[in-house]
Amino acid sequence: MKMKSISVSLMGVMVTVGLLTGCSPQNSKKEASASPAVTNAQTAATKELTGELEIQYFVGGYGDAWWKQSIDEFQKLNPKLKITQTAGPQINEQMKPRWIQGNPPDLMFINGAGSNARQMFIDNQLMDLTDWLKDAKNADGEKILDVLFSKPEEYQPGKTYTLPLVFGSYGTFYDKAELRKNGWNEPKDWPSFMDTLQKVKDSGKMSPYIHTGVYPQYIIGGLLNSAIVAANGSDPAIINKINALETGVFKSEPVMKALDKLIELNTKGFIEGSSAALNHTDSQMQFLQHKAAFIPNGLWIENEMKKDIPAGFEFGFIPSVVQDKAGKSIVIPSTATMGIAKKAKNPDAAKAYLQYVFTKKQALAWAELTGSVLNVKADLSKADKVSALVKQASTYFASSDVIIAPIPVLPEELFKIEKDATLALVTGKINKEEWAKRLEDGAAKQREKNK
């Protein structure tokens, strides 16, 4: 679906470790107008861009308001450039034929069902950004690499093919008001989580824990991956081993211990949704209607469901519930990246757009319009329009008591195997040994392909 209005790329707002105080959007703007270096950087990003620029983006939990606003701003700065938005909730599937035929858009927001950044790299669809990114500056004259909270993933050592736009997080969500009303404690670790789930079950008022069977990635991101890190002595390096498809990693002790937690949820009757063929919005709706107390999800949930949030609902969020008592919480980043097509017709305009959106101004706009955090270091603490949930999440991200893991990235085919195996495990159809065998076999095939 092509839309003429043009949208943003406001990238990243992350209230961050080492918050950059005093760097409000207003201050950044003043600095940009006052400094010749900044002015030159901004001009380099926007001057005399001509031809056509096509931007593909998925419309899901982050919506499209930010895209439309920011692309419109970029268009006004570049009147000789014709910008086309190719967007929608099914856009990734709709655009696959064009990518396969070698006629892709110039720039893509790699997010949503049907997209996989690592697979696009494997399929040789993405432009190598390594040399450009070494010195690339944003519209405020700052090196882009210096303002990122999460650095680009390296699918090949020393090489960069994508830029992470979103710094989100999977985790466990609940209604603080509902827990207070029933005298149930907010979870801090696995023992307290199990205790609260048991109390919810005993009350008979609602299901303790719901997730979607259609998209098992929610429980993988919201519980399994953090459980793997916790079982590895809270050392997130095991995620790098998984990303590297290291032989034996899927049947290693930390992974097997993590799978035990999923099995425990099932055997104690705490889990709902695994066999119900729910999609993500169905499970989220049941959660908002207090038919379930907890749900694994991502920070986009508030914005995605904003029209259905009941009065008095007070989002609670914890990045992980799997750690031992008094253990550190573990953040499993949920990111979405930007990539320029290797066969882009206007790569200069695509790069200029990236320079435009990786700024603090755009980070604030992203937070306000999407209800989530993006990948540019910015202080959101005093932003009136940023939700309490985003501010709560940002306190976790900035805390020294939190472990931020690498971004889990599996090839598309192997990720599907993981999703199917995880759904089968939590419904009791397979045991953890079979889960590990499926993943090890799939990883072996992928390693053969990569030779």
Side-chain angles (χ1 to χ4, degrees), residues 61 169-227 258-302 304-323 332 389 419-430 432:
S169 171
Y170 280 105
T172 297
F173 294 79
Y174 51 94
D175 180 0
K176 291 183 175 183
E178 187 67 14
L179 264 60
R180 286 196 302 268
K181 172 184 172 183
N182 289 282
W184 300 330
N185 294 325
E186 294 185 44
K188 300 182 183 303
D189 45 44
W190 189 250
S192 63
F193 186 51
M194 289 294 100
D195 179 68
T196 298
L197 290 180
Q198 188 63 56
K199 289 177 179 177
V200 175
K201 182 182 178 183
D202 292 344
S203 75
K205 294 181 177 180
M206 63 186 75
S207 297
Y209 187 84
I210 191 169
H211 83 104
T212 168
V214 176
Y215 301 117
Q217 58 263 41
Y218 287 82
I219 197 168
I220 292 171
L223 194 141
L224 178 58
N225 284 333
S226 54
L259 295 174
D260 285 336
K261 286 184 165 58
L262 287 180
I263 294 169
E264 185 177 356
L265 286 174
N266 183 44
T267 56
K268 289 186 175 179
F270 292 157
I271 196 166
E272 184 78 23
S274 300
S275 60
L278 294 170
N279 65 32
H280 62 298
T281 52
D282 290 337
S283 61
Q284 289 165 187
M285 182 65 75
Q286 291 195 27
F287 164 67
L288 292 175
Q289 294 172 346
H290 294 140
K291 293 180 181 179
F294 296 92
I295 188 170
N297 218 280
L299 281 176
W300 58 81
I301 184 174
E302 183 180 33
E304 186 172 29
M305 303 300 290
K306 60 186 176 184
K307 295 180 181 179
D308 301 299
I309 299 172
F313 195 98
E314 188 179 343
F315 271 103
F317 163 77
I318 181 172
S320 67
V321 293
V322 294
Q323 59 272 16
I332 300 296
L389 174 59
K419 289 185 287 186
D420 292 344
T422 301
L423 182 58
L425 181 78
V426 296
T427 53
K429 294 178 180 178
I430 65 172
K432 63 182 182 180

Note to self: Leu425 and side chain to side chain contact (heavy atoms under 4.5 Å, CB included): which single residue from Leu259, Ile219, Asp420 fits?
What the structure shows: Leu259
Next item on the list: Start with the C-alpha distance between Leu389 and Phe173, add both sets of side-chain angles, then the distance that settles side-chain contact (heavy atoms from CB on, under 4.5 Å), and finish with yes or no.
Entry: CA-CA 10 Å; Leu389 174 59; Phe173 294 79; 4.1 Å; yes
Next item on the list: Return yes if some donor-acceptor pair links the side-chain N/O of Ser203 with the main-chain N/O of Lys205 below 3.5 Å, else return no.
Entry: yes
Next item on the list: Show your reasoning for whether ring-ring contact (aromatic ring centres under 6.0 Å, His included) applies to Phe317 and Phe315.
Entry: CA-CA 7 Å; Phe317 163 77; Phe315 271 103; 9.9 Å; no
Margin query: Less than 6.0 angstrom separating the ring centers of Tyr209 and Phe270, yes or no?
Written below: no
Note to self: Between Gln323 and Ser320 (side chain of the first, backbone of the second, donor and acceptor by atom type, cut-off under 3.5 Å), is there such a pair?
What the structure shows: yes
Item checked: side-chain hydrogen bond (donor to acceptor under 3.5 Å, both in side chains) partners for Ser192, two or more places apart -> Asp189
Next item on the list: Evaluate the side-chain proximity of Tyr174 to Pro187: yes if any heavy-atom separation is below 4.5 Å, no if none is.
Entry: yes
Check: Roughly how far, to the nearest 0.5 Å, is CH2 of Trp184 from CG of Asp175?
Finding: 10.5 Å
Note to self: Heavy-atom count check: over 12 atoms from other residues, nucleotides or ligands less than 6.0 Å from Lys419 NZ?
What the structure shows: yes
Next item on the list: Might you point out which heavy atoms bring Gly312 and Ala177 nearest each other, and give the distance in Å?
Entry: O-CB, 3.6 Å
Next item on the list: Please step through side-chain contact (heavy atoms from CB on, under 4.5 Å) for the pair Leu265 and Leu197, ending with a clear verdict.
Entry: CA-CA 9 Å; Leu265 286 174; Leu197 290 180; 3.7 Å; yes
Notebook entry, point to check: Does a side-chain heavy-atom distance below 4.5 Å link Lys291 with Ile210?
Noted result: no
Note to self: Quick check: closest heavy atoms across Leu179 and Phe294, and the distance to 0.1 Å?
What the structure shows: CD2-CZ, 4.0 Å
Checklist line | Nearest atoms (heavy-atom pairs only) where Thr212 meets Ser283 | finding: CB-OG, 3.9 Å
Check: Just by modelled atom types, is the Glu178 backbone N or O under 3.5 Å from a matching donor or acceptor in the Asn182 side chain?
Finding: yes
Next item on the list: Go through the steps to decide whether Asn225 and Ile220 satisfy the test side-chain contact (heavy atoms from CB on, under 4.5 Å), and finish with yes or no.
Entry: CA-CA 6 Å; Asn225 284 333; Ile220 292 171; 3.6 Å; yes
Next item on the list: Please answer whether the main-chain N or O of Ala258 pairs with a side-chain N or O of Lys432 as donor and acceptor at a distance below 3.5 Å.
Entry: no
Note to self: Within this structure, what is the CD1-CG distance for the pair Ile301 and Leu288, rounded to the nearest 0.5 Å?
What the structure shows: 6.0 Å
Notebook entry, point to check: Just how far is it from atom CD of Gln284 to atom CH2 of Trp300, taken to the nearest 0.5 Å?
Noted result: 8.5 Å
Next item on the list: Check the pair His280 / Val214 against side-chain contact (heavy atoms from CB on, under 4.5 Å), numbers first and verdict last.
Entry: CA-CA 7 Å; His280 62 298; Val214 176; over 6 Å; no
Notebook entry, point to check: So how far is it from His211 NE2 to Asn297 CG, rounded to the nearest 0.5 Å?
Noted result: 12.0 Å
Notebook entry, point to check: Does atom CZ of Phe313 have more than 12 heavy-atom neighbours from other groups under 6.0 Å away?
Noted result: yes
Notebook entry, point to check: side-chain contact (heavy atoms from CB on, under 4.5 Å) with Asn185: which residues, sequence neighbours excluded?
Noted result: Thr196, Lys199
Next item on the list: Supply the atom-to-atom distance Lys261 NZ to Phe193 CZ, rounded to the nearest 0.5 angstrom.
Entry: 11.5 Å
Margin query: Between Glu186 and Arg180 (salt bridge meaning N to carboxylate O under 4.0 Å), is one present in this structure?
Written below: no
Notebook entry, point to check: Say you draw a straight line from OG1 of Thr422 to CG of Leu224; how long is it, rounded to the nearest 0.5 Å?
Noted result: 5.5 Å
